[in-house]
Amino acid sequence: MSSSLPDPTRSARPATFDGGAVGRFNAWFFEAFDRYINFVAREHKRAAFDGVRAGDVVEIGAGVGANFDYIPQGSRILAVEPNEAMFERLRRRAEARGAKLELVPAPAEALPLPDASVDEVLCSLVLCTVSDPHQAVREVLRILRPGGRFRFVEHVAAHPASPRRWLQQALVRPWAWLYEGCQLCRHTADVIEAAGFRQVSIERRRFRRSLFFPVNSAIWGIATK
Ligand SMILES: C[S@@+](CC[C@H](N)C(=O)[O-])C[C@H]1O[C@@H](n2cnc3c(N)ncnc32)[C@H](O)[C@@H]1O
């Protein structure tokens, strides 16, 4: 892929948003709880992200850089992040890690990246929050080269008859307000399975011993174009 990115105006969607105080809270929260979340999700992240090939690596919804340690040194990280409150922390994290960061201020639903241009796309805890997960995954598929991989760790809807699902349903509105649109009851595995990847491997596994009970139903996986 060329080092300059194409014009990000390929969509009418706004490229970035400023979530005000809630946006700043989220930037603070994901930096403050970064180690804890990475600890709780370590098995999922290792399974999904180990083996990322060095090169141009796209991370959608990069937040404040929680996954940078999983991206091989020397890679160029194309961090897709529309939330302006995350930018400063994201840059600082990249600088501290000596990572080559290219901030892509855009939503996952309209990636300003060429077709078939990268081999690795990853995300964690993002398809719960994007406004259109089907469109976001279509975009991932579009920018991947044949054989390229989409690696993901996501929290999802709990089993319908479980107490966790009851709690998720009760918390849907306040949770979405506090975490900028995050949906507790998404069926993200279905979205990825329906997207048209050549091969999809998904495992459902709880985040163990996590304090964040409503989001402990999780999946990790790798989808290959
Ligand atoms: C729950 S946070 C997770 C951040 C990071 N991936 C992590 O694991 O710590 C969700 C992230 O998705 C970003 N986000 C929200 N809407 C998005 C969209 N439409 N496209 C891409 N990222 C989005 C948020 O700004 C935030 O950084």
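Reckoned from all heavy atoms, side chains included, excluding hydrogens, waters and symmetry mates. Start at 1 and go down the list; that is how both ligands and their atoms are numbered. Computed from a predicted model, the values in this text were never measured in an experiment.
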Practice task
To the nearest 0.5 Å, tell me how far Leu167 CG sits from Phe213 CZ.
Solution key: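 Separation between the atoms: 6.5 Å.
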
Practice task
Establish, from distance only, whether the side-chain atoms of Glu109 and Ser131 form a donor-acceptor pair under 3.5 Å.
Solution key: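 Looking only at side-chain atoms, Ser131 and Glu109 do form a donor-acceptor pair, the distance falling under 3.5 Å.
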
Exercise for the section: Give every residue pair that meets the side chain to side chain donor-acceptor pair (under 3.5 Å) criterion with at least one member in residues 150-162, sequence neighbours excluded. Expected result: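 Qualifying pairs, neighbours excluded: Glu120-Arg151.
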
Handout entry: Pairs involving residues 194-207, ordered by first then second residue, that meet side chain to side chain donor-acceptor pair (under 3.5 Å) (sequence neighbours left out)
Key =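 For residues 194-207, and leaving out neighbouring residues, the side chain to side chain donor-acceptor pair (under 3.5 Å) pairs sorted by first residue read Glu43-Arg205, Glu203-Arg205.
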
Practice task
Kindly write out the residues that satisfy side chain to side chain donor-acceptor pair (under 3.5 Å) with Arg53, not counting sequence neighbours, or none if the list is empty.
Solution key: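 Here no residue qualifies.
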
For ligand 1, find each of its N or O atoms that sits under 3.5 Å from a protein N or O atom, and tabulate the pairs with distances to one decimal place.
{"unit_1": "ligand 1", "atom_1": "6 (N)", "unit_2": "Gly61", "atom_2": "O", "d": "2.8"}
{"unit_1": "ligand 1", "atom_1": "6 (N)", "unit_2": "Ser124", "atom_2": "O", "d": "2.8"}
{"unit_1": "ligand 1", "atom_1": "8 (O)", "unit_2": "Ser124", "atom_2": "O", "d": "3.3"}
{"unit_1": "ligand 1", "atom_1": "8 (O)", "unit_2": "Ser124", "atom_2": "OG", "d": "2.5"}
{"unit_1": "ligand 1", "atom_1": "19 (N)", "unit_2": "Glu109", "atom_2": "OE1", "d": "2.9"}
{"unit_1": "ligand 1", "atom_1": "20 (N)", "unit_2": "Ala108", "atom_2": "N", "d": "2.8"}
{"unit_1": "ligand 1", "atom_1": "25 (O)", "unit_2": "Glu81", "atom_2": "OE2", "d": "2.6"}
{"unit_1": "ligand 1", "atom_1": "27 (O)", "unit_2": "Glu81", "atom_2": "OE1", "d": "2.7"}
{"unit_1": "ligand 1", "atom_1": "27 (O)", "unit_2": "Glu81", "atom_2": "OE2", "d": "3.4"}

Practice task
Tell me, with the steps shown, if Phe197 and Thr224 meet side-chain contact (heavy atoms from CB on, under 4.5 Å).
Solution key: CA-CA 6 Å; Phe197 286 93; Thr224 306; 5.8 Å; no

